[in-house]
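Here is how names work: the chains are called A, B, and so on, in the same order as the sequence lines, proteins then strands, and each is numbered from 1. What you see below is based on every heavy atom in this structure, not just the backbone, and it leaves out hydrogens, waters and symmetry mates.
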Number of protein chains: 2
Amino acid sequence: MTISTGKDPSSTQASGVTLASTLAQRLREQITEGRLTPGTKLHLEDLKETFGVSLSPLREALSRLSGEGFVVLQGQRGYSVAPVSEANLREVTILRMEMESFALRQAIACGDRQWEGGIVAALHRLNSLPPTTISKSRTEEIDEWEAEHRQFHLALISACQMPLLLQFCTTLHDLSDRYRRLFLEKNPTDRDVQEEHIAIANATVTRQADKAADLLRQHIERTGTNVLKSLAENHSK
Amino acid sequence: MTISTGKDPSSTQASGVTLASTLAQRLREQITEGRLTPGTKLHLEDLKETFGVSLSPLREALSRLSGEGFVVLQGQRGYSVAPVSEANLREVTILRMEMESFALRQAIACGDRQWEGGIVAALHRLNSLPPTTISKSRTEEIDEWEAEHRQFHLALISACQMPLLLQFCTTLHDLSDRYRRLFLEKNPTDRDVQEEHIAIANATVTRQADKAADLLRQHIERTGTNVLKSLAENHSK
DNA sequence: TAATCATAAAAAATCGAATATTTAGAAATT
DNA sequence: AATTTCTAAATATTCGATTTTTTATGATTA
C-alpha cells in the first residue's frame, strides 16, 4: 500500500521538469566538460546504472542531445558521444561568426533599455568573478566562468526577437565551449578576453551595429583559431 | 513457442531503420502536409492506436520532431503540433534568406563538376514534371512537386561542406514548406517560379556568387511575402 | 455567488520485462 | 591460411504495466 498523497516538497520536481529533461542537462554538461570522451560509445545499460534511471527517460534525453549535436545516433547501433574534428570545429566557428553577428544586429535594432541593462549586468558579473578563489576547485571555477560567459553572450543577442535563431546560437555556443574546454584547458586567458568583451558590450549598447558585429566576429574567430592550434598540436602528438 | 529464427525478408526493416525513425518521418509528413492541425494536442494514447505502436518509439519520434521545431513539448503536459504565427513565418523566412544564401556562397566556392551536374539534373526533374497528370490525385501531385523542389534547393547548397549548416537549412526549408502548403494551397504558381529556379541555377553553375546569392534571397523572400499575405487574410477572416 | 478545496478521471512519464538486432567468436569449408 | 557460416552473448529496441502528475468536476465554505 502507498499512503503518500501528501507530496514531499523537497523531492518534488519543479513544474515542467521531468527526469528526461534533467538527464539531458546532466549528460550535456558531462559532454561539454569533457568527462565523456568524444566518440565513446554510450552503453545504455551502464548509463542506466550510473544515473539510476530506466531506459525510457534515458533514450528521450539522448534523443534530444542528438538533435543538438552532442551525441550521435546510429541506426540499430546505439548512441555515442559526438566525435570532434578539425572540420567540425571550423564549421562551428564559422557558423557562430555568421549567426551570432547577425543576431547581434537584430538585437541592436530591436533592443530596449532593459536589454542594455542585462548586457551591462552580465558583463559586470563576468568580469568581477574572483580571479582565483582558494575555496573552490579548478573545475568549479571554470564552470562558474563558463556559465557567466554563456550568459553574457546570450544577453547580447537576447533581444533579437527570433526564438529559433537564439536556439541555434545557443547550441552552437555550447558546441564551441566543448572544444575550448577540451583543448584549451591550460591557457584560458592567453589574450585579453576581458577587454574584448568590454569593447563588444560598449559598441552594442551605443548601437554601433557594424562595429559591434565586427568585434563579435573577431572575438569568435580568435577563439576558434586558438583552439584549432591546440587541436592540431594535440592531434600530431 | 516461437519458431521463426528464419527472418521474414519482406517485413524486415532495412539496416539502421527503426520504428522510431519511420514514425518520425511519417509524423513530419503529416504535419508539413497540414493533416495535423497546428496547435493540436497530440494525445499519446490516440497516436499509439493510430500508428499501431507502443509509447517508446512514439516518444522518441516526437522527441526528434521537437528538436526540429515541428512539435512542441511542454513539461508534464505532453506534446502538441507546433503552432503557426506571423512572427514565426517571418523568422523562418529571414533565417532561410540568410543561411541558404550563405550556404550557396560556400557551395559555389567549394563545389565541383559533379555538384554542378546534380543541380542541372534536379532542375530538369523539377521543371519537367507532368503539368497535370490525370492518373494522380491533387495531393500526390503536390507531394511530388514538393519532393523535387526540396531536392533542387538541397542540390544547390549540397557542396557547402558544412553538415550542420545543411541540417539547419533543411529544417528551415521543411518549416517553410509547411507554411506554404497550409496557406498557399490554391495558387502554388502565381508567379513564374520556374524562371526563378532557372536563373538561380544558371548564376550558380557559372559561379556568379553575388548574383546567385541575391537571386536566392529574392526567391525566398517572395515566397515568404506571398504566404504572409494569405496568412494575414486567413487570420482576419 | 464566488472562491477554495477535495476527489475522480485522464494523460504523461517512468519502469521492468520481452523482443529483435548486431557483434564477436568458434567451427566448418574452401 | 583465409573465408565463410553458424552460434551465443551483448546490446538496442520495443512493449505492456505502474507510478506520478495534471486536468476536470463537484462539494464546501466564506
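- For the segment residues 51-58 of chain B, the set of residues with a heavy atom within less than 4.0 Å of an atom of DNA chain C comprises B/L55, in numerical order.
- Note on residues 147-175 of chain A: pairs passing ring-ring contact (aromatic ring centres under 6.0 Å, His included), not counting sequence neighbours, are A/W145-A/H149, A/H149-A/H153, A/H149-A/H173, A/H149-A/H197, A/F152-A/H197, A/H153-A/H173, A/H153-A/H197, A/H153-A/H219, A/F168-B/F168.
- Between B/R77 and C/dA11 there is no side-chain polar atom (N or O) within less than 4.0 angstrom of OP1 or OP2.
- B/T37 places no side-chain N or O within donor-acceptor distance of the main-chain N or O of B/T40, the cut-off being under 3.5 Å.
- Looking only at distances, no side-chain donor or acceptor of B/Q76 sits under 3.5 Å from a matching main-chain atom of A/T18.
- Separating the CG atom of B/L19 from the P atom of D/dT14 is a distance of 5 Å, rounded to the nearest angstrom.
- Proximity of residues 40-49 of chain A to DNA chain D (heavy atom under 4.0 angstrom from any strand atom) is restricted to A/K41, A/L42, A/H43, A/L44.
- The nearest whole Å value for the distance from the CG atom in B/L23 to the C1' atom in D/dC15 is 14 Å.
- Regarding A/Q76, its CD atom lies at a distance of 10 Å from the P atom of C/dT23, rounded to whole Å.
- Among all heavy-atom pairs drawn from B/G118 and B/A155, the shortest one is O-CB, 4.1 Å.
- B/Y179 places no side-chain N or O within donor-acceptor distance of the main-chain N or O of B/L228, the cut-off being under 3.5 Å.
- Judged by distance alone, with hydrogens and angles left aside, the side-chain atoms of A/T225 form a donor-acceptor pair with the main-chain N or O of A/E221 at under 3.5 Å.
- Shown here for A/L126 and A/E148, the closest heavy-atom pair between the two residues is CD1-CB, 3.8 Å.
- Checking side-chain atoms of B/W115 against main-chain N and O of B/L156 turns up a donor-acceptor pair under 3.5 Å.
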